[in-house]
Amino acid sequence: MVGPRYPKSPVPGSLMSGATRRSALGLLLGTPLLSACAGVQQSLSQFSNPFSSSTPPAQPAGPPQQATTAGTGGVKVAVILPLSAAGNAGLAAQSMRNAAEMALAEFQNPNIQLLIKDDNGSPQGAQAAAQQAVDEGAEIMLGPLFAQSVPAVAQVARTRGISVIAFSTDSSIAGRGVYLLSFLPESDVNRIVEYSASIGKRSVAVLVPDNAYGNVVEAAVKAAVPRRGGRIVAFEKYGADRATPARTVAQQLGSADALFIADDGDAVVTVADAMTAAGANLRNIQLLGTGLWDNPRVYANASLQGGLYAAPDPAGFRAFSGRYRTKYGAEPIRTATLAYDAVALLAALARTQGTTRFSPDVLTNPSGFAGIDGLFRFRADGTNERGLAVMKVSQGGGVAVAGSPKSFGA
């Protein structure tokens, strides 16, 4: 479960008890923070590639699903997902819906009711779903998933003075009152740069894709490296041609002690092969990456062994997956934890924070919250920060070399 931390407040008691408390990541208020379909690959890169959830699939959506409710509490929470969208988007939405309902079931006596709406994978559908939800008394909205649908929901929410917690990975659509609970590349970059600097790797060569994800990573790494006392000795973007940028960077590796490659699993392997073909010995330099490195192809690649990347500690997701399989007889998508954590957070706030439960001051508590994937906090600009582990690439998968932080710094 998720609980806020208020260091100066008394401990009013556990958010859960009994078997539920033992099975979920429950927290005590006022104490330090601790940490849908079978066959879907369980890696962050499957559904967490930023901007992969920014646009709906090209295939036509199915007929909209009827709105439903879950729970009988007095605090109404809208859940807006592309349940009838085509392909993986619809599968992801169903898994996230299951996770939301699972969080409600595992939270002891929650005082919330979920108003579950299908946005049909379109801004128009999202706006209609949001309007229906506020007309029914929703105090806050969870979702949508697609970035292009978020402004449509936000427009409706602002007319009622309520907040939106969306699941898009496109930080450009965040803003006051529109918070993103997703895996943002900025957190990955900051964590891995911080860790690499702590082990003496301060001269960094960088290769990123020439796309929207690469642009976000570029801004983050160019800010993070000097902030940690390091320098960028080479920086290149690549498109379809990986060989030319790889040769350029390979020629400058002599003055670098780390090579940062930010892309998903398949692309990282291709870039690493291009670097090797250009004469680089990747065994002689510390490789760095983002959570998208959580991919079987990365683990199987000889050149990437020993590489470090930032990602949530996988222990939380493993425990969550076990409970999800028991309840639904299927595997959750990797980002189903976002819906679980969102519902658990709102249930905790509804119980403890009175009439200010979903106010900006409560949602942006700098001490943050803890969930399935560890610490997270919302920033005033709507983006989030996560407390991530540092993982090392090995043939058997990712191995933690540095755990998730137990609290956020200032």
Side-chain angles (χ1 to χ4, degrees), residues 47 50-71 75-101 112-182 184 212 335-336 338-339 342-343 345-346 358-360 363 378 381-384:
F47 283 99
F51 311 103
S52 66
S53 60
S54 296
T55 55
Q59 310 100 300
Q65 293 190 16
Q66 290 295 314
T68 59
T69 61
V75 178
K76 294 182 178 180
V77 174
V79 180
I80 301 173
L81 293 167
L83 294 165
S84 58
N88 281 343
L91 301 181
Q94 183 59 54
S95 189
M96 295 178 80
R97 172 184 177 163
N98 288 346
E101 294 182 355
I112 66 173
Q113 180 183 41
L114 303 182
L115 310 179
I116 301 169
K117 311 293 185 183
D118 176 21
D119 65 23
N120 205 225
S122 73
Q124 296 81 7
Q127 187 170 45
Q131 188 63 56
Q132 186 181 60
V134 297
D135 289 346
E136 294 171 9
E139 295 185 25
I140 193 168
M141 301 191 191
L142 300 181
L145 181 62
F146 296 136
Q148 71 175 44
S149 295
V150 175
V153 169
Q155 182 180 7
V156 175
R158 289 190 182 106
T159 66
R160 300 296 179 96
I162 65 177
S163 294
V164 176
I165 298 177
F167 302 123
S168 168
T169 48
D170 183 351
S171 57
S172 71
I173 50 87
R176 186 69 173 176
V178 179
Y179 305 97
L180 301 185
L181 183 56
S182 49
L184 300 180
T335 50
L338 302 180
V343 170
L345 169 62
L346 298 188
F358 305 145
S359 68
L363 292 175
F378 297 116
D381 66 1
T383 61
N384 72 62

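Owing to the predicted nature of the structure, the values given are computational and were not obtained by experimental measurement. Counting from 1, the numbers follow the sequence of the chain as shown.
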(request) Can you measure from CG (L346) to CE (M141) and round to the nearest 0.5 angstrom? (result) 12.5 Å
(request) Only counting residues at least two apart or in another chain, list the ones meeting side chain to side chain contact (heavy atoms under 4.5 Å, CB included) with A99. (result) F320, A336, A339, Y340
(message) For L180 versus D170, what's the shortest heavy-atom pair and its separation?
(response) CD1-O, 3.5 Å
(message) The criterion is side chain to side chain contact (heavy atoms under 4.5 Å, CB included); which residues satisfy it with Q113, sequence neighbours excluded?
(response) T69, K76, L115
(request) State, to 0.1 Å, how close L181 and I165 come at their nearest heavy-atom pair, and which atoms those are. (result) CB-CG2, 3.7 Å
(request) To the nearest 0.5 angstrom, please state how far the CG atom of L81 sits from the OG atom of S149. (result) 11.0 Å
(message) For the CD atom of E101 and the CD1 atom of I116, what is their distance to the nearest 0.5 Å?
(response) 4.0 Å
(request) Kindly give the heavy-atom pair with the smallest separation between Y179 and L363, and that separation in Å. (result) CE1-CD1, 3.7 Å
(request) Would you mind reporting whether I112 and V343 have side-chain heavy atoms less than 4.5 Å apart? (result) yes
(message) Using the rule given for side chain to side chain donor-acceptor pair (under 3.5 Å), can you reason through S122 versus N120, listing the C-alpha separation, both sets of side-chain angles and the distance that settles it, and then say yes or no?
(response) CA-CA 6 Å; S122 73; N120 205 225; 5.1 Å; no
Side-chain donor-acceptor contacts of residues 153-163 below 3.5 Å, not counting sequence neighbours, with atom names and distances?
unit_1: Q155; atom_1: OE1; unit_2: Q127; atom_2: NE2; d: 3.3
unit_1: T159; atom_1: OG1; unit_2: V156; atom_2: O; d: 2.5
unit_1: R160; atom_1: NH1; unit_2: V134; atom_2: O; d: 3.3
unit_1: R160; atom_1: NH2; unit_2: D135; atom_2: OD1; d: 3.0

(request) Over all heavy atoms of both residues, which pair between S182 and S168 is shortest? Give the atoms and the distance, please. (result) OG-O, 2.7 Å
(message) Quick check: closest heavy atoms across G143 and V164, and the distance to 0.1 Å?
(response) O-CG1, 3.3 Å
(message) Nearest 0.5 angstrom please: L83 CG to T68 OG1, how far?
(response) 8.0 Å
(message) Looking at every non-hydrogen atom in both residues, tell me the closest pair between L184 and T383 and how far apart they are.
(response) CD1-CB, 4.0 Å
(request) Output the distance between atom CZ (F167) and atom CD1 (I80), rounded to the nearest 0.5 Å. (result) 10.0 Å
